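All remarks here apply to the structure that follows.
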2 protein chains.
Amino acid sequence: MAETQERVRRYLEDELGSCREADVDERLGELNDLADALGTATVETELDSALANETRYTLVRVLVAAGEELCVCELGAVVDVTDSGLSHALSALVDAGLVEGRKDGRWKKYRATNRAVALVTVLDGSVTVDE
Amino acid sequence: MAETQERVRRYLEDELGSCREADVDERLGELNDLADALGTATVETELDSALANETRYTLVRVLVAAGEELCVCELGAVVDVTDSGLSHALSALVDAGLVEGRKDGRWKKYRATNRAVALVTVLDGSVTVDE
DNA sequence: CCATTAATTGAGACTTCGTTCAACTATCTG
DNA sequence: CAGATAGTTGAACGAAGTCTCAATTAATGG
C-alpha cells in the first residue's frame with residue numbers, strides 16, 4: 001500500500017516531469033473515486049457468475065429464446081446433466097433473478113425474467129461489437 | 001436420454017390431452033433447434049467468466065470509467081491483490097478481449113476495449129431493470 | 001393407500017479458480 | 001555494467017464451484 005503509493009509517485013514524476021506530494025494524493029484520490037462509484041460490483045459479479053457456466057447459460061438462453069415457460073422435463077432434453085444437476089442449476093438461476101419457477105400439478109415450469117432477456121440480448125450483441 | 005424422452009412424452013400427453021409419437025419428436029426437435037441456435041455459448045461463457053470475479057470486474061469498470069489508459073501501478077491502487085495477482089488478472093482480461101495493454105518504457109498501460117465498454121454499460125443498466 | 005413419477009435436497013468426490021510466493025525479464029539510472 | 005524498479009510467469013495450495021448419487025417430498029392414479 002505504501003509501496004503502491006511510492007510507485008504511483010514515481011510514475012507521476014515520470015509523466016509530469018515533476019511532481020509534488022499533492023499531485024500524488026490527488027491522483028490516488030481520483031482513482032479511489034472511480035473505484036467508489038462501483039458500489040454494486042458484488043451484485044453484478046454474482047450476475048456474471050450465474051452465467052459463467054455452460055449448463056446455466058444454455059438454460060437461460062433457451063428460456064429466453066423460447067419466450068414462454070418450459071417444463072423441467074423439457075429443459076432436461078437440452079442440457080447434458082442429471083435431473084439433480086439440472087435442478088441445482090435452475091435453483092442457482094432463480095437466486096440470481098434470471099429465472100422464475102411455477103409449480104403446475106406434478107410438473108414445474110420455468111421462464112426467463114426480464115433481466116435475463118436484457119442480459120442475453122446484450123451478450124449476443126456484444127460479441128459482434130467491432131473494435 | 002431415452003428416459004428424458006419418456007418424460008417429455010408423458011408431459012405432452014398431459015398438456016395436449018393426447019399425444020402421438022410424432023408430437024414428441026416434433027417437440028424435441030423444436031427444443032434442439034433452440035439449443036442449436038446457441039452456437040456461441042462457449043465464447044460468451046468465457047466472457048462472463050472473465051467478469052465473474054471481483055478483482056477483474058473492478059479493474060474493467062475502473063478502466064471503463066477512466067476512459068483512458070491507466071498504468072499498472074495506478075490499477076494497483078484500486079484492487080487489493082499482489083502485483084502478481086494484478087498481472088494475472090489483467091492477462092485474463094486481455095484473453096477475454098476486455099482490455100488491451102501497451103508497453104511504454106518501463107511502465108505498462110492498459111485500457112478498456114469497446115466490448116468492455118458495451119458490456120459494463122449494460123450490466124450497470126441491467127441491475128435496475130424493473131420486473 | 002400403495003406404487004409411480006417429477007423434482008428437489010444434501011453430502012461427497014472431483015475439478016477449476018484465485019491468490020501468493022519466488023524466480024525471472026526488461027528498462028532505466030548512476 | 002551494477003543496482004534498483006516495473007511487471008510477468010509458473011508452481012503450489014487453499015477455496016469455491018459443479019456434478020452425481022442416494023434419499024426425500026409432493027402430486028397422480030390405480
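The shown structure was predicted, so the numbers you read here are calculated from the model rather than taken from an experiment.
Across the interface with DNA chain C, nearest-nucleotide mapping of B:Arg10 and A:Ser91 shows B:Arg10 to be the residue nearer the 5′ end.
We find that NZ of B:Lys109 is positioned 15 Å from C1' of D:dG7, with the value rounded to whole Å. Nucleotide D:dA26 holds its P atom 18 Å from the CH2 atom of A:Trp107, rounded to whole Å. One atom, CG of A:Leu93, and another, C1' of D:dT18, lie 13 Å apart when rounded to the nearest Å. When rounded to the nearest whole Å, the span between CZ of B:Arg9 and P of C:dA6 equals 13 Å. One interatomic measurement links the two molecules: CZ of A:Arg102 to P of C:dA6, which rounds to 18 Å at whole-angstrom precision. When rounded to the nearest whole Å, the span between CD of A:Glu54 and C1' of D:dC19 equals 14 Å. Atom CG of A:Leu90 is separated from atom P of D:dC19 by 12 Å (rounded to the nearest Å).
Counting non-hydrogen atoms under 4.0 angstrom, A:Thr55 reaches the backbone sugars and phosphates but no base.
In this model, the phosphate group of D:dG7 is approached by a side-chain N or O of A:Arg7 to a distance below 4.0 Å at OP1 or OP2. A close approach under 4.0 Å does not occur between any side-chain nitrogen or oxygen of A:Tyr11 and OP1 or OP2 of D:dG7. For the pair A:Arg56 and D:dG17, the criterion of a side-chain N or O lying under 4.0 Å from OP1 or OP2 is not met.
A:Arg56 places a side-chain N or O within 3.5 Å of a backbone atom of A:Ala50 that can act as its donor or acceptor partner. Using a distance-only test at 3.5 Å, with no hydrogens or angles considered, no donor-acceptor pair links the side chain of B:Asp48 to the main chain of B:Thr45.
With sequence neighbours excluded, no residue satisfies side chain to side chain donor-acceptor pair (under 3.5 Å) with B:Arg10. Qualifying ring pair (Phe, Tyr, Trp, His ring centres under 6.0 Å) partners for B:Tyr110, counting only residues two or more places apart in sequence or in other chains: none.
Sorted by residue number, the list of members of residues 64-77 of chain B with any non-hydrogen atom under 4.0 Å from DNA chain C is empty. Taking every heavy atom of residues 21-31 of chain B and every atom of DNA chain D, no pair lies under 4.0 Å.
A distance of 9.5 Å separates CH2 in A:Trp107 from CD in A:Glu74, rounded to the nearest 0.5 Å. A distance of 5.0 Å separates CG in A:Leu63 from CG in A:Leu75, rounded to the nearest 0.5 Å. Residue A:Tyr11 holds its OH atom at 7.5 Å from CG of B:Leu70, rounded to the nearest 0.5 Å. Here the OG1 atom belonging to B:Thr58 is positioned 8.0 Å from the CZ atom belonging to B:Arg61, to the nearest 0.5 angstrom. Atom CZ in A:Arg9 sits 15.5 Å away from atom CZ in A:Arg27 (nearest 0.5 Å). Interatomic distance, CG of A:Leu59 versus CG of A:Leu51, reported as 11.0 Å (0.5 Å rounding).
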Counting primed atoms, P, OP1 and OP2 as sugar-phosphate and everything else as base, the B/S/- map of nucleotides 21-30 of chain C against protein heavy atoms under 4.0 Å is BB---SSS--
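Nearest nucleotide to the A:Ser87 side chain, out of C:dT8, C:dG18, D:dA6: C:dT8. Considering only the side chain of A:Lys108, C:dT8 comes nearest among C:dG18, C:dT8, D:dT5.
Residue pairs satisfying the salt bridge (charged side-chain N to carboxylate O under 4.0 Å, His left out) criterion with at least one member in residues 82-96 of chain B, sequence neighbours excluded, are listed as follows: A:Arg7-B:Asp83.
Salt bridge status for A:Glu15 with B:Lys109: present, with a side-chain N to carboxylate O gap under 4.0 Å.
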